[in-house]
Amino acid sequence: MIDIKLIRQDPDRFKKAAKDKRFTCDIDVLCKLDEQRRSLQRELDQLKHQQNETGSQIALYKNPQGKWYQQALADGKSQTELKAEADKLLEQMTEIKARTKQLETEHREVSEQCDVLLLTVPQPADEGVPVGEDESDNVELRKMGQIPDFDFEPADHVNLMTKLGMLDVERGVKLAGTRNYVLCGEGAALHHAVLQLAMDLMVERGFIRLHVPVLVRDAMMVGTGYYPGGEEQAYRCERDEMSLVGTAEVPLTAYHCDEILREDELPRKYVALSPCFRREAGAAGKDTYGLYRIHAFDKVEQVIVCKNDEEESKRHHAEILQNAEDVLAKLELPYRVVDVCTGDLGQGQVQKFDIETWMPSRNSYGETHSASRFYEFQARRLKMRYRDGQKNIRFCHTLNNTGIASPRVLIALVENHQTADGKIQIPKGLQPYMGGRTVIGGN
RNA sequence: GGAGAGGUGCCGGAGCGGUUGAACGGGACGGUCUCGAAAACCGUUGAACUCUUUGAGUUCCCUGGGUUCGAAUCCCAGCCUCUCCGCCA
């Protein structure tokens, strides 16, 4: 969420942001509503003040034991006179109250409209982020690792894994419909191995491991910026007003919502392994083959909550990006890092780096990681704050990145490390997580 | 699922219709004392919003309604938490 004061100051900045990010939101209407809201509040505050004053005056008239009342009698007022004055005040009060009630209704309506609109305003991308329409305008920052040059016809991950008894798509679909799968034997082992490897690396680097709920209140989806707008992408339990998360980013980022932290508690670095659920609405017919686009998967997610300092945010961003790159290095996978363009950024993201890992069957790089920086966008929605050195209360900054997401990463892993005779070589870094084995298949 | 209890400030815990934004205690912070520390003593210590912003005002004691001139305090609904019994991974 954007600070309404900033929008007031410079509405054009946010109009431009909406245009660059290809979001629709009516800043002019918002500004008008905001102005209306404030003038109503001004009037309402005055009226309330009047109401409070009148109320406490009435109290004096209504309390014959009170000093003021006794004084009034001593000054020669009769009880009937006092009662008459009190009645007059009461009459005034009735009028004030009627007006207050009316204004309150108006104020509430305008405020609600204001809030709804405010939730739709996108955060401007950081300076330096490439302006563009869609992912084709993303800018490649670097390529790492060596794309394998097979001297045989490489198999795709479905064939390869099915043959090795690691994957059963057919029965996955039988159980749960399209975009579902069952990992079997070494396939399941490999899945757990890569997750564990990523988790260990993050913990080693100071991230606190959390095990979090994956069915969360809708308020957390709003707080992290997924709602409104992303309802169609999530499995939602309407009657409970809860949603299955598409990523542990949600519970991890919202962990400290409604809190005021101490500055010395920051930064908080969290990592969680969780299932992730995505409806993939609107992706019908896209990536229907194999393990690329599926409804449920597991992911190790890294989240950092830090001070309200853009430079510090950027440093952490580089750090969580490096963590993910190091995971891929351990898995000996070729990948590239792209700077995501404005048109491909989420509403709250100021910059996003995607890591795309080489997938031979796609003959291209496929997204496996996504590192986003939000500044205070999420924290403001989540009311996640801290007290700084000067005792000011400020909103935190938040960031997140994938550690590893499986089974999607297995596509790259098995395809890149396959051998001519249909086996899979286990990279050295992963071997300890696979019981010391060096190869899957044969033996 | 059945039966109770309760939701107040950073925490514990009063208040049960009229200067209560909230007693008291703890914690934290500042100060006195001390070579230093502890102890003791004194002081400070919630948030959001509005405006004519070194000041003034409004709102907030789980949430939303209601009663009243006036509610943390009374009434209704909802949400949540805890205890006991049953059931179960």
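Lettering follows sequence order; numbering is per chain, from 1.
We find that CD1 of A:Ile96 is positioned 13 Å from C1' of B:rG70, with the value rounded to whole Å. Distance OH (A:Tyr386) to P (B:rC10): 19 Å, rounded to an integer number of Å. The distance between atom CG of A:Leu103 and atom P of B:rU58, rounded to the nearest whole Å, is 16 Å. Here the C1' atom of nucleotide B:rC51 and the NZ atom of A:Lys5 are 12 Å apart, to the nearest Å. When the C1' atom of B:rG64 is taken as reference, atom CD of A:Glu112 falls 12 Å away, rounded to whole Å. Summarising the geometry, the separation between CG on A:Asp34 and C1' on B:rU50 is reported as 11 Å, rounded to the nearest angstrom. Spacing between atom CD of A:Gln36 and atom P of B:rC49 amounts to 20 Å, rounded to whole angstrom units. In this structure, the CE atom of A:Met1 is 13 Å from the P atom of B:rA48, given to the nearest Å.
Ion pairing between a basic and an acidic side chain is recognised when a charged N comes within 4.0 Å of a carboxylate O; A:Lys352 and A:Asp344 show no such pairing. Using a 4.0 Å cut-off between charged side-chain N and carboxylate O, A:Arg38 and A:Asp34 make a salt bridge. Using a 4.0 Å cut-off between charged nitrogen and carboxylate oxygen, A:Arg385 and A:Glu265 do not count as a salt-bridge pair. A salt bridge does not link A:Glu319 with A:Arg205: none of the charged nitrogens is closer than 4.0 Å to a carboxylate oxygen. For the pair A:Lys299 and A:Glu249, the salt-bridge criterion is not met [side-chain N within less than 4.0 Å of a carboxylate O].
Rounded to a whole angstrom, the distance from the P atom of B:rC60 to that of B:rG66 is 14 Å. For the P atom pair drawn from B:rA37 and B:rG31, the interatomic distance equals 11 Å after rounding to whole Å. Taking atom C1' in both B:rG17 and B:rG13, one finds a spacing of 22 Å when rounded to whole Å. Atom name P, nucleotides B:rG1 and B:rG65: the rounded distance is 28 Å, in whole Å. When the P atom is compared between B:rC74 and B:rU81, the two are found 24 Å apart, to the nearest whole Å. B:rU68 sits 23 Å from B:rG78 when the C1' atoms are compared, rounded to a whole Å. Nucleotides B:rG86 and B:rC79 are separated by 25 Å at their C1' atoms, to the nearest Å. Separating the C1' atom of B:rU63 from that of B:rU59 is a span of 15 Å, rounded to the nearest Å.
Across all strands shown, B:rC84 pairs with B:rG2; the Watson-Crick or G-U wobble distances both stay below 3.5 Å. For B:rA47, the paired base is B:rU59 (Watson-Crick or G-U wobble, both distances below 3.5 Å). Remark: B:rG30 base-pairs with B:rC42; criterion is Watson-Crick or G-U wobble with both hydrogen-bond distances under 3.5 Å. When both pairing distances are held under 3.5 Å, B:rG25 makes a Watson-Crick or G-U pair with B:rC11.
Listed nucleotides: B:rG57, B:rG46, B:rC69. Nearest to the side chain of A:Gln41: B:rG57. Closest contact between the side chain of A:Arg42 and the listed nucleotides B:rU50, B:rU58, B:rG70 involves B:rU50. Picking from B:rG66, B:rU58, B:rC49 the nucleotide with the shortest atom distance to the side chain of A:Lys101 gives B:rG66. The side chain of A:Leu90 approaches B:rC69 more closely than any other nucleotide in the set B:rC69, B:rU50, B:rU59. Proximity note for A:Ile58 (side chain, C-beta onward) versus B:rU59, B:rU50, B:rC69: the nearest is B:rC69. Of the candidates B:rU50, B:rA48, B:rC69, the closest approach to any side-chain atom of A:Arg385 belongs to B:rA48.
OP1 or OP2 of B:rG57 has not a single side-chain nitrogen or oxygen of A:His49 nearer than 4.0 Å. A close approach under 4.0 Å does occur between a side-chain nitrogen or oxygen of A:Lys97 and OP1 or OP2 of B:rG70. An OP1 or OP2 oxygen of B:rA47 is reached within less than 4.0 angstrom by a side-chain nitrogen or oxygen of A:Arg387. For the pair A:Asn52 and B:rU19, the criterion of a side-chain N or O lying under 4.0 Å from OP1 or OP2 is not met.
In terms of heavy-atom proximity, A:Ala296 sits nearest to A:Tyr181 at O-OH, 2.7 Å.
Between A:Gln51 and A:Lys48, the one whose closest nucleotide on RNA chain B sits nearer the 5' end is A:Lys48. The 5' end of RNA chain B is approached more closely, in terms of each residue's nearest nucleotide, by A:Arg108 than by the other of A:Arg108 and A:Arg217.
At a threshold of 4.0 angstrom between heavy atoms, the contacts of A:Ile393 are confined to the sugar-phosphate backbone, with no base atom among them. The residue A:Arg8 sits close only to the backbone: its heavy atoms come under 4.0 Å of sugar-phosphate atoms, none of a base. Residue contacts for A:Arg262: at a heavy-atom cut-off of 4.0 Å it reaches no nucleic acid atom on any strand shown.
A:Arg262 forms no cation-pi arrangement with A:Tyr386, by the criterion of a distance under 6.0 Å to the ring centre and an angle within 45° of the ring axis.
The closest donor-acceptor contact from the side chain of A:Thr253 to the backbone of A:Val250 lies at 3.5 Å or more, if one exists at all.
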